[in-house]
Every structure is written in structure tokens, then in C-alpha cells.
Amino acid sequence: MPFTNFIQEIVIKNLTDLYSQQFSEKDFQINETKPEFEGDYTVVLFALVKTLKKSPEILGNELGTHLLKSYPDFFFGYNVIKGFLNLEITENQLTLFLQKNYNKDSFGKKPSNHKKVMVEYSSPNTNKPLHLGHLRNNFLGWSIAEILKANGYDVIKTSIVNDRGIHICKSMIAWQMFAEGATPELTHEKGDHLVGDYYVKFNDEYKKEVGQLIQAGKPKEEAEKEAPIMKKTQQMLLGWEQGNPEVRALWEKMNSWVYKGFDETYKRIGSDFDHTFYESNTYLLGKDFVQEGLQKNILFKKEDGSVWVDLSDKGLDEKLVLRGDGTSVYITQDIGLAKQKFNEYNLDKSIYVIGDEQLYHMKVLKEICRKLGMPFADDIFHLSYGMVELTTGKMKSREGTVVDADDLVDEMIATAEKHTEELGKVKDFTQEELKDLYDTLGLGAMKFYLLRVDPKKRMIFNPEESIDFHGFTGPFVQYTYARIQSILKKVESEHLAIDHIQLTRNTLLPLERQLIILLEKYVNAVADAATEMNPSIIANYVFNLAKLFNSFYAEHSVANAENDQKKELRVTLSVMTATVIKNGLQLLGIKVPDRM
RNA sequence: GGCCCCGUAGCUCAGUGGAUAGAGCAACAGCCUUCUAAGCUGUGGGUCACACGUUCGAAUCGUGUCGGGGUCACCA
């Protein structure tokens with residue numbers, strides 16, 4: 001059990017012993033002691049003062065004395081300053097913790113809790129390549145999946161590919177009109193980029209046609225409706241829905257190009273899925289619930305035959321769930337798919353990693369499911385994340401201000417190569433090893449950069465900052481890991497049996513003590529990251545750990561420690577720091593290099 | 001306009017009821033014959049948007065104001 005939780009528990013017990021009153025963990029706080037005070041953990045007494053009618057000083061001293069007496073192995077000393085009871089943990093306890101866990105790969109991982117959760121993320125459209133926003137989504141989804149796994153969940157990663165609709169038809173029409181048979185094989189362009197090019201081409205042509213119509217005297221609205229290319233596209237969508245073989249063949253061909261491109265990108269960035277849903281298979285789902293809802297009077301029909309749900313009692317509006325012509329809208333399919341997910345996979349929780357512009361939509365989905373009496377309604381969780389903006393403003397695909405995912409990955413890896421070459425530390429690496437290293441560092445930098453901020457908040461992507469490999473960055477943490485490997489290599493070559501370290505009593509130096517206490521907090525960081533659905537907690541933790549280790553490293557030598565006991569202690573400390581960095585970064589999808 | 005989110009150092013962000021508000025970047029000053037300087041140490045830099053309230057205690061909770069963003073489609 002983590003120290004904080006343990007202290008919480010025994011303080012409750014001690015308070016009952018002393019004052020015959022029951023307290024819960026909400027009645028007081030256990031904090032880390034601020035560095036300017038003596039101690040490791042602090043019990044904040046103010047909240048207890050009132051109920052116990054004792055002064056903070058008396059309460060602190062009574063509690064402190066009692067804690068010390070009942071747990072002499074755990075507490076070494078205490079002091080009371082104002083309303084704060086600062087507790088010092090025994091060196092024995094700290095070294096015991098280190099000894100038990102330093103070599104445990106499973107440190108921070110919980111056993112199965114037999115709960116199943118689905119994480120849906122990435123979910124691209126097939127009319128254009130992935131961009132920076134998708135990267136934040138992918139890294140977030142993948143990381144949350146890993147974090148949940150570490151907390152004992154059985155996780156299924158899914159993606160729903162939006163492979164049908166008017167936007168795909170736009171690319172298809174433009175390709176027919178302008179491509180002259182161009183394929184990824186002929187042009188040597190990645191399939192998703194090729195299809196994306198024709199999506200852009202469509203918009204150019206559309207704008208041109210609308211402009212001409214306006215010039216010919218048509219009102220803007222009419223011109224937008226009547227542009228020939230738009231009409232053709234709508235015709236094509238109709239053809240697709242009716243199953244026109246030519247349209248379907250072209251659709252399948254162009255989508256297959258896109259999938260090949262996506263797969264390449266996913267492979268590079270390390271995204272993967274246990275199952276992929278395609279909207280072309282799911283877009284008809286949900287209609288049966290409309291009938292059911294009508295019978296139960298939860299939904300109502302308007303004169304034109306369209307079906308609606310009234311959510312005004314929940315502060316939301318009326319929402320259409322079925323068009324007058326009987327075709328479904330997006331929310332219809334979402335209801336159907338939500339149910340299918342729970343039924344097919346027997347889920348305890350279903351997480352959707354979707355941008356915060358869809359907060360309203362997801363709220364509506366949940367509310368409709370609730371109204372329809374679906375038992376899983378409350379287990380739908382929208383992990384919403386903020387938009388990625390550029391220093392120059394928002395990304396807009398139509399204005400060509402998007403940062404393409406493939407380009408960005410290339411740039412990050414190239415930056416890793418540049419920095420590595422400048423430093424010249426790995427001249428003996430093979431070509432293969434170098435490539436691996438650049439990938440590890442480039443992707444590490446990018447993932448860390450996008451995951452280090454709270455997902456809920458929108459963030460600004462600063463290109464200069466993103467390629468910085470110093471400070472609060474992935475490579476900084478990776479560097480710390482590599483440094484430790486270097487120490488261990490040296491120590492190993494001295495034939496020290498690091499697998500059989502016997503820690504004996506040492507006098508812990510401040511940095512050694514701080515490191516152990518920080519390492520001990522990893523378990524709580526992993527748990528917090530899961531409850532908050534927030535990988536940035538891990539990123540911050542792992543950075544602080546690396547920073548602290550680097551201070552320790554600069555101050556004290558491991559290989560040339562003052563004596564053998566110190567050496568053993570520090571080797572153990574180094575091994576454990578490396579393990580925690582490795583495990584923590586793994587939760588972010590970031591690899592560690594042995595050398596860099 | 002209704003609803004939702006955000007406002008902390010020059011910039012990017014931590015900190016959601018506790019002690020004198022912290023990092024990174026940028027700026028400046030130091031540290032490599034000793035385990036990797038992608039590092040370490042130090043200096044300067046804050047009216048936590050503003051006001052009122054709740055509390056022993058507020059960046060954190062409540063109300064209001066100002067500023068920024070999102071959303072309110074028979075689009076996805």
C-alpha cells in the first residue's frame with residue numbers, strides 16, 4: 001500500500017484510539033511536506049480542530065506521540081508547526097520499500113479487476129490524411145488504454161472509420177474529373193494524401209463554380225446549392241446509397257488507398273486497434289430503437305414524419321433522431337452502435353475519445369440512451385480533449401493551415417537525427433540502430449509534447465518548442481534513462497551482483513530520501529491518471545522523477561560511492577528509477593533508448 | 001442570445017480548500033582530466049483577469065463583471 005494511503009489509514013485508527021471518534025479520509029488531508037520543513041508527510045490538522053475542540057498544537061503533539069508509539073518501525077519523528085503535523089519516516093521503512101520493489105517490472109501495475117472497458121479513438125474520415133489533431137487523439141486514446149490496463153482493466157481498443165458520406169464523394173468526384181487515372185502506385189504518393197489532394201481540388205473547383213454563378217447573377221445561397229460539381233456529388237452519394245456498382249467500386253478503390261496510407265501512419269506512431277468499426281456497416285443501426293421509443297412515447301413524430309426527442313427537461317433542446325424520409329442521422333447510428341458495443345463485448349464502460357466540440361452531441365447521446373432505458377447509459381464516458389491550435393491561429397483544412405501528421409513525424413525524426421549528430425555520442429551505432437534511436441527520440445518528443453498538458457484544455461502547438469529536446473520534454477526523460485543504463489553497465493563490468501543486493505542500514509542523504517519518496521508515489525500517479533483519465537499526470541510525474549534523479553546524479557556518484565553500502569543503495573535507487581521511467585513512459589507510448 | 005469550457009511569470013504549462021504559488025522555455029551568471037553537459041547550480045521575473053461573498057484559511061468553492069473559445073444542423 002502506498003505510504004500516503006497507509007498514513008491516512010493509521011491516522012484514522014489512532015484518532016479513534018485517542019478520542020473515541022470515527023473519522024473518514026475526507027476529514028483531513030495527508031500532504032507531502034514542503035521542502036522548507038522537516039519531515040516527509042504532513043497531516044493537516046485544522047479540519048480536526050473544530051470537531052475535537054483541541055488546539056492544533058495539542059492535537060498535533062498527542063497524535064504525533066501516539067503515532068510514533070504505535071508504529072515505531074514506520075515513523076522516526078514528528079514536529080508540529082501551526083496546524084501541520086509533519087511526520088518523518090524511518091530510514092528502514094524507506095530502504096525496505098526500495099529493496100522490495102526496485103527490480104519489480106510490475107511495480108505500478110495492478111492485478112485484474114475483471115472489468116472490461118472499450119476505448120474508441122482515432123476515428124478518422126477517409127477523405128483526407130491524418131493531421132496534428134488526430135495525433136493528439138491517437139496518443140491520448142492509446143495512452144488511456146495503457147493506463148487503464150495498468151490499473152487492472154481489460155481494455156479493447158477500437159476505432160470507427162467514417163468511410164461513407166458526402167465528404168468521401170467529394171474526393172471521388174474530383175478524382176474522376178481531374179486525376180486522369182492517377183493512383184498511389186503511379187504517382188508514388190501515399191494513398192491518403194492522394195485522396196486528400198482531390199478533396200482540396202473539389203473545394204477549389206466548387207468555389208470557382210459558385211463564384212461564376214454569383215457573377216451570373218445568382219444569389220449566394222442558390223449558387224452554393226446549384227454548383228454543378230456539388231450536384232454531381234450529391235448524385236453520387238445517392239448512387240452509393242442505392243448500391244450502384246460503379247460508385248461502390250470507385251469508393252472501395254479509393255478507400256483502400258486511404259487505409260493503406262493510414263496503416264502506414266498508425267504503424268509509425270504506434271497506434272493499434274483490437275477492432276475497427278466502419279460506418280458503412282453501422283450507419284443503419286439504431287432505427288429499431290426509434291420504433292421502440294415511439295411506442296413508449298419517449299419519442300414523438302412531427303407532421304412530416306420526422307422523429308424527435310424532447311430533452312428540454314435536461315436543459316437540452318429537441319433533437320431529431322430520424323428524418324422525414326425515414327433515413328437516419330448521426331445520432332441514430334450512435335445509439336445503435338453504443339448498444340452494439342455493450343452487447344457484443346459485455347462492457348463495464350465505454351470511453352469515447354472525441355474532441356470537445358462534440359460535448360453537446362455526446363451529452364445528447366447519453367441522455368437519449370438514458371431515456372430509452374438502456375442500462376449502459378451511465379457507463380458511456382466522453383473523454384473530451386481540446387483543440388490543438390497553432391501559434392498563428394486555428395488549423396483549417398480548407399485554408400491549408402493544417403499540420404500534416406506524416407510531415408510532422410518526419411520533421412521530429414529529422415530533428416532527433418540532427419541533435420544526435422551534433423552531439424556525436426553514438427558514432428559506433430549501426431545504420432539500423434541509428435534509425436531506431438531517431439524514431440524513439442523523435443516520436444518520444446512528439447508524444448510527450450502532446451500528452452504533457454491536460455487533455456481537457458485546448459493547447460497551442462508551437463513548432464519551435466516542439467522540437468526542443470531540453471527541459472520538460474520526452475528526450476530529457478529518455479536521456480535520464482540512458483544515463484542510468486550507462487551507470488549500470490559500468491557497475492556490472494565491476495562484477496557487482498546487482499541482483500542480490502542486500503541493503504543494510506545507511507544514513508540516507510536528502511536527495512536519496514527524496515528520490516525514494518518520489519518513487520513510492522508512482523503507484524498513486526498511475527491510479528490518479530486512470531481516475532482523472534489524464535496521461536499528463538504521468539508525464540509530469542516522470543519528468544519530476546528524471547529531474548530529481550539528475551540532481552542526485554550531479555551531486556553523488558554511484559559507481560564511486562563512499563563505501564560499498566552506499567554503492568549498493570545507489571545502484572538500487574538507479575535501477576528502480578530506470579524501471580519507473582520505463583514503465584511510466586510506456587504508459588505514454590514512449591520507448592526508452594539504452595544509449596543516446 | 002441560451003448552455004459549456006478557459007483566463008496563473010515575457011511564452012508554454014503544473015498547482016482544484018492548507019505553510020512564503022511552482023516547472024520548462026526565453027534572459028543573465030557559473031559548472032565537463034571523475035558514472036553521458038540532451039545535464040546540474042544560481043539570479044531576475046506573479047495584483048493567480050477583476051469585484052464581492054463563504055471559510056480559521058481561497059489560484060482552488062459561490063455569485064457577478066470583463067476577455068478568449070466551443071456549441072446550439074434533417075453535417076459528421
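Both backbone and side-chain heavy atoms feed into the values below; hydrogens, waters and symmetry mates do not. Proteins get letters first, then strands, A, B, ... in listed order; numbering begins at 1 in each.
B:C11 and B:C48 are spaced 16 Å apart, taking the P atom of each and rounding to whole Å. Taking atom P on both nucleotides, B:G46 is separated from B:G22 by 14 Å, rounded to a whole Å. For the C1' atoms, the distance from B:C13 to B:G30 is 28 Å, rounded to whole Å. Between B:A19 and B:A59, the distance separating the two P atoms is 9 Å to the nearest Å. The separation of B:U8 from B:A14, taken at their C1' atoms, amounts to 10 Å, rounded to a whole angstrom. Comparing the same atom, P, in B:U60 and in B:U16 gives a spacing of 12 Å after rounding to whole Å. Rounded to a whole angstrom, the distance from the C1' atom of B:A9 to that of B:A49 is 15 Å. Atom name C1', nucleotides B:C56 and B:G17: the rounded distance is 12 Å, in whole Å.
Within the 4.0 angstrom heavy-atom criterion, only backbone atoms of the sugar-phosphate kind lie near A:Asp454; the bases stay farther away. If you check every strand for non-hydrogen atoms under 4.0 Å, A:Lys547 touches sugar and phosphate atoms only. Backbone-only engagement by A:Ser551 is indicated by non-hydrogen atom pairs under 4.0 Å involving sugar-phosphate atoms exclusively. Residue contacts shown for A:Leu441 include a base, since a base heavy atom lies under 4.0 Å away. Looking at heavy-atom distances under 4.0 Å, A:Ser574 makes no contact with the nucleic acid at all. Residue A:Glu555 is classed as having no contact, given no heavy-atom separation below 4.0 Å to the nucleic acid. If you check every strand for non-hydrogen atoms under 4.0 Å, A:Lys34 touches a base. Across all strands shown, A:Met459 has heavy atoms under 4.0 Å from sugar-phosphate atoms exclusively, and none from any base.
Comparing atom distances between the A:Asp468 side chain and each of B:C25, B:G18, B:A19 picks out B:C25 as nearest. Here the nucleotide nearest the side chain of A:Asp317, chosen from B:U20, B:C72, B:C74, is B:C72. The side chain of A:Phe476 lies closest to B:G39 when the candidates are B:G18, B:G39, B:G68. Among the nucleotides B:A14, B:A23, B:G18, the one closest to the side chain of A:Phe84 is B:G18. Distances were taken from every side-chain heavy atom of A:Thr42 (C-beta onward) to each of B:G24, B:A19, B:C35; the shortest belongs to B:A19. Here B:A37 is the nucleotide among B:A76, B:A37, B:U71 with the atom lying nearest to any side-chain atom of A:Tyr553.
Glycosidic conformation of B:C66 is anti; the angle lies outside 90° of 0.
Side-chain rings of A:Tyr259 and A:Tyr278 approach one another, their centers coming within less than 6.0 Å. Two rings, from A:Phe202 and A:Tyr199, have their centers 6.0 Å or more apart. For A:Phe84 and A:Phe46, the ring centers are positioned less than 6.0 Å apart.
Each of A:His419 and A:Gln29 has a nearest nucleotide on RNA chain B; the 5'-most of these lies closest to A:Gln29. With RNA chain B read from its 5' end, the first of the two nearest nucleotides for A:Ile487 and A:Phe472 is the one closest to A:Phe472.
Applying side chain to side chain contact (heavy atoms under 4.5 Å, CB included) to A:Gln478 and the options A:Thr473, A:Leu441, A:Ile581 leaves one that passes, A:Leu441.
Considering only side-chain N and O atoms, A:Lys50 lies under 4.0 angstrom from the phosphate OP1 or OP2 of B:C56. Between A:Ser536 and B:A14, a side-chain N or O to OP1/OP2 separation shorter than 4.0 Å is absent. For A:His361 and B:A76, the shortest distance from a side-chain N or O to OP1 or OP2 is not below 4.0 Å. The phosphate of B:C75 (OP1 or OP2) has a side-chain N or O of A:Arg323 nearer than 4.0 angstrom. Contact annotation: A:Arg483 side-chain N/O to B:A37 OP1/OP2 distance is under 4.0 Å. Contact annotation: A:Lys82 does not reach the phosphate of B:C56 (side-chain N/O to OP1 or OP2, under 4.0 Å).
The partner of B:U65, taking Watson-Crick or G-U wobble pairs whose two distances both stay under 3.5 Å, is B:A49.
Looking at every heavy atom in both residues, A:Leu294 comes nearest to A:Leu299 through CD2-O, 3.7 Å.
Below 30°, between 30° and 60°, or above 60°: for A:Tyr330 and A:His361 the angle between ring planes is between 30° and 60°, a tilted geometry.
Here the P atom of nucleotide B:G57 and the CZ atom of A:Phe46 are 11 Å apart, to the nearest Å.
Under the 3.5 Å distance criterion, with hydrogens and angles disregarded, no donor-acceptor pair is assigned to the side chains of A:Asn127 and A:Ser171.
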